Amino acid sequence: CRCCAEGRRHSSILYNILRSQERQERAAPAGQVPRGCPCGSRRRVALRSPQVVCKAASAVLVKTLRFVQNVPCFQELPLEEQLLLVRSCWAPLLLLGLAQDRVPLETVESAEPSMLQRILTARRHGEQPPPPGRQHHGPHLPSAGEIQAIKGFLAKCWSLDISTKEYAYLKGTVLFNPDLPGLQCTQYIEGLQREAQQALNEHVRLIHSNDEARFAKLNVVLSLLRSINADVMAELFFRPIIGAVNMDDMLLEMLCAKL
């Protein structure tokens with residue numbers, strides 16, 4: 001009967017999705033996404049030219065680890081301490097290297113099946129439909145929000161036109177992080193970080209004497225690095241060319257090799 005048909009129609013997933021979208025469009029002005037909607041930042045994105053960008057990122061990682069190995073104070077640390085430092089900061093160091101080499105980061109939105117498509121596909125193959133709310137992306141693709149954080153960092157660095165010496169001092173500040181759990185040489189590493197910051201401050205005062213705020217601006221760059229997820233960096237720059245990778249194993253191999 002009609003009432004049963006109406007009941008089935010009102011309980012269908014597609015009907016509820018369309019009704020929800022209709023209510024949002026009514027509530028928001030034309031052409032404007034409802035405020036607070038996180039949908040845009042959740043979209044999954046991929047590199048436009050993964051082979052080119054991933055190859056550049058791999059070269060930057062090698063160059064970055066070579067830089068780290070050539071720091072005399074780093075070489076004096078026990079191997080366990082070296083590994084702990086590198087494993088914790090390889091992602092921000094890589095991002096600083098990408099900014100220094102001005103590696104472009106162009107992305108495209110990744111087309112993913114909707115919930116309705118996944119349900120229909122599962123039924124077609126006799127599988128159990130995924131429960132509501134569960135996300136299934138196969139290999140993890142970074143979200144638009146995660147990529148925007150990386151692009152924002154790169155843009156900030158490029159806008160400041162950071163010099164080679166400034167990049168070196170920033171990398172030293174990131175590398176020698178005394179707050180890592182498990183470190184034994186905490187005081188020594190804290191002193192190295194302090195020296196890197198002092199050297200950066202002195203360099204800025206000497207070269208940019210007319211820009212009193214530059215040292216603070218460079219420290220803002222360091223603060224932006226805290227929002228960068230190492231797993232996202234691995235998925236974005238290494239999975240497309242070498243598949244699932246254990247970064248700890250790869251870093252150990254690279255650190256023990258003569259780069």
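What you are looking at is a predicted structure, and each value in this text was computed from that prediction instead of being measured.
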**Contact summary for Val221 and Cys157, nearest pair of heavy atoms** = CG1-SG, 3.8 Å
**Message:** I need the Met233 CE to Leu95 CG distance, nearest 0.5 Å.
**Reply:** 4.5 Å
**Item:** Inter-residue atom distance Leu61.CG - Thr64.OG1, 0.5 Å rounding
**Value:** 6.0 Å
**Prompt:** Hey, is Glu166 close enough to Arg214 for a salt bridge, meaning N to O under 4.0 Å?
**Reply:** yes
**CZ on Phe74 to CZ on Phe67, rounded to 0.5 Å** = 11.0 Å
**Asked** Just how far is it from atom CD1 of Ile189 to atom CG of Leu180, taken to the nearest 0.5 Å?
**Response** 7.5 Å
**Prompt:** Is there a donor-acceptor pair closer than 3.5 Å between any side-chain N or O of Gln75 and the backbone N or O of Gln69?
**Reply:** yes
**Request:** Check Ile228 against Leu224 and note the closest heavy-atom contact, atom names and distance.
**Result:** CG1-O, 3.9 Å
**Asked** Side-chain donor-acceptor pair under 3.5 Å between Tyr188 and Glu76, yes or no?
**Response** yes
**Asked** Would you say Glu146 and Leu236 make side-chain contact, with heavy atoms under 4.5 Å?
**Response** no
**Prompt:** Between atom CD of Gln82 and atom CG of Leu175, what is the distance when rounded to the nearest 0.5 Å?
**Reply:** 9.5 Å
**Item:** Heavy-atom pair with the smallest gap, counting every atom of Ala196 and Gly172
**Value:** CB-C, 3.9 Å
**Asked** With a 4.5 Å heavy-atom cut-off, do Pro178 and Gln193 have their side chains touching?
**Response** yes
**Asked** Leu98 and Val60: which non-hydrogen atoms are nearest, and at how many Å?
**Response** N-CG1, 3.7 Å
**Complete:** Besides Ile207, the hydrophobic cluster formed by Ile, Leu, Val, Met, Phe, Trp and Tyr side chains linked at under 4.5 Å, directly or via other members, contains Leu206
**Message:** Does any part of the side chain of Leu77, heavy atoms only, come nearer than 4.5 Å to the side chain of Cys185, both counted from C-beta?
**Reply:** yes
**Asked** Quick one: are His203 and Ser163 in side-chain contact, heavy atoms under 4.5 Å?
**Response** yes
**Prompt:** Do you know which two heavy atoms are closest between Trp90 and Leu251, and how far apart they sit?
**Reply:** CD1-CD1, 3.4 Å
**Message:** Could you tell me if the side chain of Val71 sits less than 4.5 Å from the side chain of Lys171, heavy atoms only?
**Reply:** no
**Asked** Are the side chains of Asn177 and Cys89 in touch, meaning some heavy atoms are under 4.5 Å apart?
**Response** no
**Request:** Assess whether atom NZ of Lys63 is packed by more than 12 heavy atoms of other residues, nucleotides or ligands within 6.0 Å.
**Result:** no
**Request:** Compare every heavy atom of Phe176 with every heavy atom of Leu85, then report the nearest pair and how far apart it is.
**Result:** CD1-CD2, 4.4 Å
**Message:** With a 4.5 Å cut-off on side-chain heavy atoms, are Leu222 and Gln197 touching?
**Reply:** yes
**Message:** Quick one, Phe238 and Met247 - any side-chain contact, counting heavy atoms below 4.5 Å?
**Reply:** yes
**Contacts of Leu252 that satisfy side-chain contact (heavy atoms from CB on, under 4.5 Å) - sequence neighbours left out** = Leu83, Arg87, Cys256
**Asked** Glu81 side chain to Leu183 main-chain N or O, any donor-acceptor pair under 3.5 Å?
**Response** no
**Request:** Give the cluster check for Val103 versus Val52: same hydrophobic cluster or not, with ILVMFWY residues linked at side-chain heavy-atom distances below 4.5 Å.
**Result:** no
**Asked** In Å and rounded to the nearest 0.5 Å, what is the OG to CE distance from Ser58 to Met254?
**Response** 8.0 Å
